[in-house]
Amino acid sequence: MSVGRTHYAAELNEQMVGQTVTVAGWVHRRRDHGGLVFVDLRDRTGLVQIVSEPGQPGFDAVERVRAEYVMGVTGTVRPRPDGMVNADLASGAVEIVPESVTVYSEAKTPPFNVGDASQVDELLRLKYRYLDLRRPELTANLMLRDRSLMAIRRFFHEHGFLDVETPSLARSTPEGARDFLVPSRTQPGQFFALPQSPQIFKQLLMVAGIDRYYQIAKVFRDEDLRADRQPEFTQIDVETSFMDRESILSLMEEMLRSLFHEVLGVTLEPFPRMTWRDAMRLYGSDKPDLRAGPPLATLTEAARTLPWTVLSEAANVVGVVMPSYQPSRKELDQWVETAKSLGANGLVWIVRSDDGTMRSSASKWLGEDGMGRLAEAAGVKPGDTLLMVAGAGWAPNQVAGQIRLTHARESGRIEPGWRFLWVTEFPLFEWSEEEGRLTSAHHPFTMPHPEDIDRLASDPASVRSEAYDVVLNGTELASGSLRIYQQDLQARIFAVLGLSDEEIQAKFGFLLDAFQYGAPPHGGIAFGLDRLLMLMAGAESIRDVIAFPKTARGTDPLMNAPSPVDDAQLRDVHLSIRK
RNA sequence: GGUCCCGUCGGUUAGUGGCCUAAGCCGCCGCGUUGUCAGCGCGGAGAUCAGGGGUUCGAAUCCCCUCGGGACCGCCA
């Protein structure tokens, strides 16, 4: 039995007519006309049609195969008869007449049809992931991933970046996500942690003088899952020395631009910049989706002189303008419920009909004049609807932002396109209810904004940082910052965080020690590769661009992981299971 | 930790208190078919209705619990 292949299915076309070729793959479909039998043979590139008649070599084998049998066919490429060309296939102009056929493997009837599994329950697909991955859609996603990684690596290589691997067995660090722990056998009672990111290592590489580092790094976070979150995922991790923020941002933008051009053939517009404050004010989110209709309207000033204290005395009044939208009373009631479920006290609506007349849930308090002033301030045109949320702080923006997104999604008003943006000037600290103190919004090595450094002690909550995110279509794709490299500034940050010298030494001592031996100015960023690929592939979930993903509860139905282990294994690592 | 949705032949759907001895399509098995490509025609097999408990004369259907899957909030990136 010879094993081999001369061509992939998609490589066969009119140019090859008359040649003898060998193809190999899985039986996608078989169509038996009694005398004449067709088999669609599938490999990772696509399908090619095999045709055989009684008495010809290999007919018995072709007649006997079933779905997902593995076979090799050596035969002659011939053009299909007139009118029989299948334009849906790359090889649709030709077919193969076998000279010899080898059935390598038979196959049980698969639990779902590989040819059409789009509706199949995902749990079943994950359990038989090797079958699921045979589906052209998922094969295409894996190929997209491969091409993207090649393009990314080439970009960084050509720009002088060194790919350096960092350990997966690392140390538990206090800030950020919950760690996955690995018990040490040789050091009883002690644990490694799988890295949440190579953050410390890449900063140490800067101290080491590597200067430009990148890594396609697997990282681990033991938090609850989402459609765009897996417990292990892949980062494009980047760190540079002696580059200012502007240079880092434009280089990373160039990386994405070259990736999209090379892999998708798309030319990206320059990414707009938006401060975190503006993102919150205009979109109620630190990851605005620019495709979802007009930004939010701040109506606090316009409401100030209204004869209705609910709006006039509110610290913050925010409006969502819904263009060309005339909701029913029932829909309006649903928006009120939605706002309440998002934590708002209520929601005021103004509907402006096509003839310009207005009605409102608060018309008797606002009057024609009040409705007119609010509509004017929000830019409401005839035919539009305005929903308003009042409150304090960013809460009304966040509620209004959610409503804006929900409405755009439900009414199919998400505009097409790749709407990237940079969000900058994130707050340096955020208040942790859980811990009752300020914590680092990004991580404790994030550089404060130079204009705000003198407020570190007096008003730390107002201090902006040199942190930045890349957002694409409402998804956070990357996050990074300039890092602190001066010891005195770092000490002031730790003071705000309320960390004692002992804690600092215990948690970050090794990094601070390193910084005493000459730390360059440095900064970096990390991209969520899986999210990026999900968006590039047009997939609904990150799971569709990962070969072997976990379920929403963090299990692997294919390997049945996690699983119990033997007592002996537990003893080796000095653990016992608490009952 | 919380909220919501879902679980019926191998797959996917129908069924919302008696007409269910659970229906259709795909797949599977058999027979037929020489130009199909979601092949076609005829016939057949295939379901403890996720599991347990309850209500009822009667439960796939109503209620409760458990298990499993998914989305979201919290958390996290």
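Keep in mind that the numbers below use all heavy atoms, side chains included, and drop hydrogens, waters and symmetry copies. Chain naming here is simple, since letters A, B, ... match the order of the sequence lines and numbering starts at 1 in each.
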Assess whether atom CZ of Arg80(A) is packed by more than 12 heavy atoms of other residues, nucleotides or ligands within 6.0 Å.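 For Arg80(A), atom CZ is crowded (more than 12 foreign heavy atoms under 6.0 Å).
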If you count heavy atoms of other groups shown closer than 6.0 angstrom to CG of Asn345(A), is the number above 12?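 No, not enclosed.
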Value in whole Å for how far the [atom2] atom of [N] lies from [atom1] of [X]:
X: Asp121(A); N: C9(B); atom1: CG; atom2: C1'; result: 16 Å
X: Ile50(A); N: U34(B); atom1: CD1; atom2: P; result: 21 Å
X: Leu47(A); N: A38(B); atom1: CG; atom2: P; result: 10 Å
X: Asn113(A); N: U13(B); atom1: CG; atom2: C1'; result: 16 Å
X: Leu36(A); N: C40(B); atom1: CG; atom2: P; result: 16 Å
X: Leu124(A); N: G69(B); atom1: CG; atom2: P; result: 13 Å
X: Asp32(A); N: G30(B); atom1: CG; atom2: C1'; result: 13 Å
X: Leu342(A); N: U3(B); atom1: CG; atom2: C1'; result: 12 Å

Look at the side chain of [X] against the base of [N] and say whether a donor-acceptor pair falls under 3.5 Å; ignore hydrogens and angles.
X: Arg226(A); N: G74(B); result: yes
X: Arg30(A); N: U36(B); result: no
X: Arg229(A); N: C75(B); result: yes
X: Arg66(A); N: C29(B); result: no
X: Glu95(A); N: G35(B); result: yes
X: Arg78(A); N: G35(B); result: yes

Answer yes when [X] and [Y] have at least one side-chain N-carboxylate O distance shorter than 4.0 Å, and no when they do not.
X: Asp132(A); Y: Arg135(A); answer: yes
X: Glu425(A); Y: Arg273(A); answer: no
X: Asp228(A); Y: Arg226(A); answer: no
X: Asp121(A); Y: Lys127(A); answer: no
X: Lys287(A); Y: Asp469(A); answer: no
X: Glu223(A); Y: Arg229(A); answer: no

For a quick test of reading the model: is some side-chain N or O of [X] closer than 4.0 Å to OP1 or OP2 of [N]?
X: Arg31(A); N: G35(B); value: no
X: Ser341(A); N: C73(B); value: no
X: Arg543(A); N: G69(B); value: no

What is the base-pairing partner of [N], counting Watson-Crick and G-U wobble geometry with both distances under 3.5 Å?
N: A59(B); result: none
N: C76(B); result: none
N: C20(B); result: none
N: G35(B); result: none
N: U48(B); result: none
N: C4(B); result: G70(B)
N: C25(B); result: G11(B)

Angle between ring planes, Tyr128(A) versus Tyr130(A), binned at 30° and 60°: parallel, tilted or perpendicular?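 Answer is perpendicular, since the angle exceeds 60°.
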Give the ring-plane orientation class for Phe420(A) versus Phe271(A), where under 30° counts as parallel, over 60° as perpendicular and anything between as tilted.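 Judged by the thresholds at 30° and 60°, the geometry between Phe420(A) and Phe271(A) is parallel.
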What's the closest nucleotide to the [X] side chain, out of [options]?
X: Leu89(A); options: G70(B), C37(B), U34(B); value: C37(B)
X: Arg221(A); options: U36(B), G69(B), C76(B); value: C76(B)
X: Met84(A); options: G10(B), C37(B), G69(B); value: C37(B)
X: Asn86(A); options: G11(B), C37(B), G39(B); value: C37(B)
X: Phe112(A); options: G11(B), A71(B), C75(B); value: G11(B)

In whole Å, what separates the [atom1] atom of [N] from that of [M]?
N: G70(B); M: C28(B); atom1: P; result: 28 Å
N: C42(B); M: A59(B); atom1: C1'; result: 38 Å
N: G46(B); M: G24(B); atom1: C1'; result: 15 Å
N: U34(B); M: C40(B); atom1: C1'; result: 13 Å
N: U12(B); M: G69(B); atom1: P; result: 16 Å
N: G27(B); M: A38(B); atom1: C1'; result: 12 Å
N: C26(B); M: U21(B); atom1: P; result: 26 Å
N: G1(B); M: G58(B); atom1: P; result: 39 Å

Taking RNA chain B as the partner, which of residues 464-483 of chain A come within under 4.0 angstrom of it by heavy atom?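 The answer is Glu476(A).
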Can you sort out which residues in residues 522-535 of chain A have a heavy atom within less than 4.0 Å of RNA chain B? Ascending by number, please.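 Residues of residues 522-535 of chain A that come under 4.0 Å of RNA chain B are, in numerical order, Arg531(A).
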What string of B, S and - do you get for nucleotides 42-52 of chain B, 5' to 3', if B is base contact, S is sugar-phosphate-only contact and - is no contact with any protein heavy atom under 4.0 Å? -----------
Position toward the 5' end of RNA chain B (nearest nucleotide), Ala177(A) or Arg553(A):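 The answer here is Arg553(A).
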Return the 5'-most residue of the pair Asp88(A), Asp224(A) with respect to RNA chain B, ranking by each residue's nearest nucleotide.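 Closer to the 5' end of RNA chain B: Asp88(A).
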For G35(B), is there a stacking contact with His33(A), counting only centres under 5.5 Å and planes under 30°?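 No, His33(A) does not stack on the base of G35(B).
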Determine, using ring centers only, whether Phe233(A) and Phe220(A) are less than 6.0 Å apart.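 When the ring centroids of Phe220(A) and Phe233(A) are compared, they turn out to be at least 6.0 Å apart.
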Is the ring centre of Trp418(A) less than 6.0 Å from the ring centre of Phe260(A)?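 They qualify: ring centres under 6.0 Å apart.
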Spacing of Arg44(A) atom CZ and Arg134(A) atom CZ [to the nearest 0.5 Å]: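 Going from the CZ atom of Arg44(A) to the CZ atom of Arg134(A) covers 15.0 Å.
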How many angstroms lie between CZ in Arg483(A) and NE2 in His442(A), if you round to the nearest 0.5 Å?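 Result: 5.0 Å between the selected atoms.
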Within the side chain of Asn13(A), is there an N or O that forms a donor-acceptor pair under 3.5 Å with the backbone of Gln15(A)?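 Yes: the side chain of Asn13(A) pairs with the backbone of Gln15(A).
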Taking Asn141(A) for its side chain and Asp544(A) for its backbone only, find out whether a donor-acceptor pair lies under 3.5 Å.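 Such a contact is found between Asn141(A) side chain and Asp544(A) backbone.
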Categorize Gln402(A) for me: base, sugar-phosphate, or nothing, with a 4.0 angstrom heavy-atom threshold over every strand shown.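 Nothing: the residue Gln402(A), judged by heavy atoms under 4.0 Å, touches no strand.
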Hey, does Pro111(A) reach any base, or is it just sugar-phosphate, or nothing, if we go heavy atoms under 4.0 Å?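 Touches sugar-phosphate only.
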